[in-house]
Student: 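The structure's right below; bear with me while I get my questions together.
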Amino acid sequence: MQDDIVIPLFRLQWSTRAVYEGVCQHYAPARLHVIAPAETAAALTRAADRERWAVGPIHVHTEEDFFVEKHGLTKDDLANELRLGESLYPAGWYYQQLLKLGAADGIAELSDWFLIWDSDLLPVETWPVIDADGRRRFALLQDRSRGNPDIVGRWADWIGRVLGVEPITDPEATFVPHHMWFGQRHLAAMQDRVRAFVDGDLPWPAAMMRTANTFGTFSEFWAYASWVHAHAPADRLFYPYDTYGRTTERFFEDGTAIFAQRFRAARGLSADVPLRPAYADLLAFIHDEYNATGDPLPSSLSFEASPRHRKKGRANMHTEELRSRWHNAEE
């Protein structure tokens with residue numbers, strides 16, 4: 001692949017190595033860029049070198065000063081734009097969305113098209129991100145029939161009012177697929193629209209944060225997909241939910257829950273052994289588990305590490321959580 005992959009990473013997780021190796025094995029990006037807090041960036045660099053991760057060189061960028069060179073704004077500056085009071089999401093959750101939409105602002109010579117990949121999404125029986133005709137595609141991975149309707153409504157309102165376009169919809173799935181192709185030309189036009197909505201003289205990352213004060217939230221993937229659908233529909237290509245979404249699974253796993261416990265048992269690892277498996281080892285375990293029950297392999301697994309996922313009521317759980325064999329019984 002001639003394009004770059006960009007992965008924002010908040011904290012080094014038990015699954016980070018496997019996700020990165022899986023992405024590189026399947027997609028062979030020109031460069032793999034990681035944007036992380038300074039402490040995480042240092043830990044990632046040490047681990048990848050010491051454990052000899054099969055990823056080739058990783059280009060690591062610190063998030064605290066990511067927008068300083070182009071916009072003169074630190075992470076703290078942008079977090080201070082928020083005036084949300086009680087919020088479901090911390091300031092860092094909004095900031096990670098800015099890092100995805102503004103990856104080109106802090107990464108020199110980033111490819112014109114780049115693939116954003118969430119750090120907890122493990123490819124298994126995965127999809128081609130470039131199809132047989134050489135077109136870039138992402139996969140719809142989240143059923144639309146469940147989730148928090150209040151948040152979804154706010155996202156849609158943001159898209160309609162800030163971007164001035166209709167939110168793109170699909171009969172079966174959402175446009176929050178935890179990965180997506182971004183084109184720099186489309187992003188620049190979308191950023192200009194956000195600036196115009198708030199204040200034409202304000203840098204777009206600050207303007208984006210200020211919109212959250214009005215709408216309470218925003219969704220980077222859905223917003224971008226809607227913008228491209230309205231202005232360049234030929235560049236909005238995806239696999240329908242039936243193709244890869246039907247088998248994907250999502251569940252809480254911070255390295256101590258059901259999946260990790262089963263992996264430890266299968267490999268004879270005691271609970272006090274640090275867990276950071278290679279992709280090949282994790283993939284072999286997944287094959288063994290699904291083959292043993294005669295079930296098809298999942299297209300991907302999403303390892304949710306935030307403790308808030310333990311507390312979600314069933315009414316707000318996604319279909320991909322409820323159907324997973326790794327769904328945490330305590331929830």
Side-chain angles (χ1 to χ4, degrees), residues 1 5-9 13-29 32 34 54-55 100 114-131 136-144 146-147 170 172-182 220-222 225 237-255 257-260 262-263 276-291 293 295-306 309 317-328:
M1 188 169 79
I5 292 180
V6 178
I7 305 180
L9 175 70
Q13 299 288 351
W14 72 277
S15 58
T16 302
R17 176 183 181 177
V19 170
Y20 288 17
E21 289 184 344
V23 166
C24 288
Q25 176 177 313
H26 286 288
Y27 302 133
L32 178 64
V34 179
V55 295
K100 297 173 187 178
F114 58 93
L115 180 64
I116 288 288
W117 193 275
D118 279 0
S119 62
D120 56 7
L121 181 63
L122 184 82
V124 183
E125 195 77 351
T126 192
W127 51 93
V129 294
I130 297 179
D131 67 19
R136 299 173 182 85
R137 291 183 182 270
F138 61 94
L140 298 184
L141 299 177
Q142 183 173 284
D143 178 84
R144 66 174 293 177
R146 304 186 64 85
D170 180 83
E172 294 187 285
T174 76
F175 281 85
V176 185
H178 307 288
H179 72 295
M180 189 171 286
W181 281 107
F182 284 175
E220 80 283 46
F221 289 133
W222 195 12
L237 298 173
F238 56 85
Y239 299 105
Y241 185 77
D242 270 346
T243 311
Y244 295 101
R246 293 288 178 197
T247 60
T248 194
E249 298 180 37
R250 179 179 182 181
F251 50 93
F252 174 81
E253 182 54 84
D254 64 352
I258 297 172
F259 182 95
R262 190 74 165 265
F263 177 78
R276 190 147 61 225
Y279 179 65
D281 293 336
L282 211 56
L283 190 62
F285 165 73
I286 293 168
H287 274 262
D288 289 344
E289 289 289 316
Y290 286 79
N291 288 341
T293 57
D295 294 318
L297 289 171
S299 64
S300 57
L301 298 176
S302 287
F303 302 118
E304 302 283 4
S306 171
H309 286 278
M317 289 180 186
H318 295 287
T319 301
E320 297 73 30
E321 294 176 274
L322 293 175
R323 71 163 173 242
S324 176
R325 67 172 63 194
W326 310 109
H327 184 66
N328 195 319

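The chain is numbered in sequence order, starting from 1. Since this is a predicted model, take the numbers as computed values, not measurements. Side-chain atoms are counted along with the backbone in the values below, which use heavy atoms only and exclude waters and symmetry mates.
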Student: Looking at every non-hydrogen atom in both residues, tell me the closest pair between P29 and C24 and how far apart they are.
Tutor: CD-CA, 3.9 Å
Student: For the pair F238 and D170, evaluate side-chain contact (heavy atoms from CB on, under 4.5 Å) and give the outcome as yes or no after the intermediate values.
Tutor: CA-CA 11 Å; F238 56 85; D170 180 83; 4.1 Å; yes
Student: After noting the C-alpha distance and the side-chain angles of E172 and R246, does the key distance pass the salt bridge (Lys or Arg N to Asp or Glu O under 4.0 Å) rule?
Tutor: CA-CA 10 Å; E172 294 187 285; R246 293 288 178 197; 2.2 Å; yes
Student: In sequence, state the C-alpha distance, the side-chain angles, and the governing distance for F221 and T174, and then conclude on side-chain contact (heavy atoms from CB on, under 4.5 Å).
Tutor: CA-CA 10 Å; F221 289 133; T174 76; over 6 Å; no
Student: Considering all heavy atoms of both residues, which atom of Y244 and which atom of T126 are nearest to each other, and what is their separation?
Tutor: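 Shortest heavy-atom separation between Y244 and T126 comes out as CE2-O, 3.8 Å.
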Student: As an exercise, state the distance from CD1 of I286 to CG of N291, rounded to the nearest 0.5 Å.
Tutor: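 Going from the CD1 atom of I286 to the CG atom of N291 covers 11.5 Å.
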Student: Answer whether the closest heavy-atom distance between the side chains of I5 and Y27 falls below 4.5 Å.
Tutor: yes
Student: What distance separates Q25 CD from Y279 OH, expressed to the nearest 0.5 Å?
Tutor: 5.5 Å
Student: Work out which heavy atom in M317 is nearest to a heavy atom in R146; give both atom names and the distance.
Tutor: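 That closest heavy-atom pairing would be O-NE, 2.8 Å.
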Student: Tell me, please, whether Y241 has R144 positioned over its six-membered ring: NZ or CZ under 6.0 Å from the ring centre and within 45 degrees of its axis?
Tutor: no
Student: Show the nearest heavy-atom pair for residues G22 and P123, with the distance to one decimal.
Tutor: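 So the two residues come closest at C-CG, 3.7 Å.
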Student: What's the spacing between L283 CG and L297 CG if we round to 0.5 Å?
Tutor: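 Result: 7.5 Å between the selected atoms.
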Student: Find out whether E220 and M180 are in side-chain contact, i.e. whether some heavy atom of one side chain is under 4.5 Å from a heavy atom of the other.
Tutor: no
Student: Does D118 form a side-chain contact (heavy atoms from CB on, under 4.5 Å) with K100? I'd like the steps, not just the answer.
Tutor: CA-CA 10 Å; D118 279 0; K100 297 173 187 178; 2.9 Å; yes
Student: Taking side chain as C-beta onward, heavy atoms only, is L121 less than 4.5 Å from H179?
Tutor: yes
Student: Within the structure provided, determine whether P8 and S119 are in side-chain contact (heavy-atom separation under 4.5 Å).
Tutor: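 They are not in side-chain contact.
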Student: Let me confirm one number: the CG-CZ distance from L282 to F303, rounded to the nearest 0.5 Å.
Tutor: 5.5 Å
Student: Is any side-chain heavy atom of M1 less than 4.5 Å from a side-chain heavy atom of R136?
Tutor: no
Student: Could you check if a side-chain atom of F285 sits within less than 4.5 angstrom of a side-chain atom of F259, using non-hydrogen atoms only?
Tutor: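 Result yes, sub-4.5 Å side-chain heavy-atom pair found.
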Student: Between T247 (side chain only) and S299 (backbone N and O only), is there a donor and an acceptor less than 3.5 Å apart?
Tutor: yes
Student: Roughly how far apart are H26 NE2 and E125 CD, rounded to 0.5 Å?
Tutor: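 The distance works out to 8.5 Å.
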Student: Give a yes-or-no answer on whether the side chains of E320 and T248 include a donor-acceptor pair shorter than 3.5 Å.
Tutor: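 No, because no side-chain N or O of E320 sits under 3.5 Å from a partner of the opposite role on T248.
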Student: Counting distance only, does the side-chain N/O of T16 pair as donor-acceptor with the main-chain N or O of Q13 below 3.5 Å?
Tutor: yes
Student: Between L301 and F251, is any pair of side-chain heavy atoms under 4.5 Å apart?
Tutor: yes
Student: Verify salt bridge (Lys or Arg N to Asp or Glu O under 4.0 Å) between D143 and R250, making sure each step is shown before the conclusion.
Tutor: CA-CA 11 Å; D143 178 84; R250 179 179 182 181; over 6 Å; no
Student: Specify the closest pair of heavy atoms between A305 and F252, including all atoms of both residues, with the distance to one decimal.
Tutor: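 Reported closest heavy-atom pair: O-CE1, 3.5 Å.
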Student: Quick check for you: to the nearest 0.5 Å, what is the distance between E249 atom CD and R325 atom CZ?
Tutor: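 E249 atom CD to R325 atom CZ measures 6.5 Å (nearest 0.5 Å).
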Student: Could you check if a side-chain atom of F138 sits within less than 4.5 angstrom of a side-chain atom of F175, using non-hydrogen atoms only?
Tutor: yes
Student: Please report the closest heavy-atom contact between D120 and V19, naming both atoms and the distance.
Tutor: C-CG2, 4.3 Å
Student: Applying side-chain contact (heavy atoms from CB on, under 4.5 Å), run through S300 and L141 and close with a yes or a no.
Tutor: CA-CA 9 Å; S300 57; L141 299 177; 4.1 Å; yes
